[in-house]
Amino acid sequence: MAASDGTTAPSPHLHRDHIGGLREAGSEAFAKARYAVNATEYGFWISDARVGTATEGNHLQVLERVKPVAAKTTFVTNQQTIAPGITAVSAPGHSPGHMILLVDSEGRRLVVSADTVVHYAVGLQRPNWEVRFDMDKAGAAVTRQKVLDMIATDRVPFIGYHMPHPSVGFLEKRTEGYPFEPASYQFDI
């Protein structure tokens, strides 16, 4: 979510494993950074409706780490351009305002799928299965199927936060599931 050089860094969602590095010893870790996050996602996590629920721990993390940088944050919506060549696309289910990023540069494309798939073996081979960490399990399965189908059909490389090393690759569409083909420097030899 942070960019140390003052550029905008988007966060596809606000779960703890994606916001933990925003603050160090009570101060901003990246003082010059600008941020972008889905408006629905932010509103959900700062709401006092999280108090006393299973989501309270994450709520407290957002209040501690994200809310202090709200003045430096752009709250984006579906299909909004975050920076030239980077478009936020709504991909709810994993969290209420989860989004993916479409990156275009000089005719080349990349999808940052964020947490659309949280376990590569299960999520890619059985995208319709429900996953424990998805907040709206049925909605996440629908989103997962749609995003994975687009990646495979368009043969566009993607980055998945919980994919195996090197975390970037391609998908092949099969009758059931999407085998992952990691990108590697070896393809350039």
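Everything numeric in this text was worked out from a predicted model, so none of it was measured.
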*Look at Arg126 together with Glu176 and state whether they make a salt bridge at an N to O cut-off of under 4.0 Å.*
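Salt bridge flag = yes for Glu176 with Arg126.
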*Would you mind checking if Arg65 and Glu28 are paired as a salt bridge, meaning a charged N to carboxylate O distance below 4.0 Å?*
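Here Glu28 does not pair with Arg65 in a salt bridge, since their nearest N and O are not under 4.0 Å apart.
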*Can the ring centroids of His119 and Trp129 be said to lie less than 6.0 angstrom from one another?*
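That pair fails the under 6.0 Å test.
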*Is the gap between the ring centers of Phe158 and Phe180 under 6.0 Å?*
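So the answer is yes for these two rings.
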Would you say that [X] contacts [Y] through its side chain, given a criterion of any heavy-atom pair below 4.5 Å between the two side chains?
X: Tyr35; Y: Val37; result: no
X: Val111; Y: Val103; result: no
X: His15; Y: Phe133; result: no
X: Pro179; Y: Arg174; result: yes

Would you say [X]'s side chain and [Y]'s backbone share a donor-acceptor pair under 3.5 angstrom?
X: Thr116; Y: Arg144; answer: no
X: Asn128; Y: Ala141; answer: no
X: Asp104; Y: Gly85; answer: no
X: Glu64; Y: Leu60; answer: no

*With a 3.5 Å cut-off and no angle check, do the side chains of Glu41 and Ser95 form a donor-acceptor pair?*
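Their side chains do contain a donor-acceptor pair, which is all the 3.5 Å distance test asks for.
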_Between His18 and Asp115, do the side chains contain a donor N or O and an acceptor N or O under 3.5 Å apart?_
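Yes, because at least one side-chain N or O of Asp115 sits under 3.5 Å from a partner of the opposite role on His18.
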*Only one of Ile159, Val89, Val112 passes side chain to side chain contact (heavy atoms under 4.5 Å, CB included) with Leu101; say which it is.*
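Only match with Leu101 under side chain to side chain contact (heavy atoms under 4.5 Å, CB included): Val112.
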*For the residue pair His98 and His13, does the interplanar ring angle fall in the parallel (under 30°), tilted (30 to 60°) or perpendicular (over 60°) class?*
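Taking His13 first and then His98, their aromatic rings sit tilted (interplane angle of 30° to 60°).
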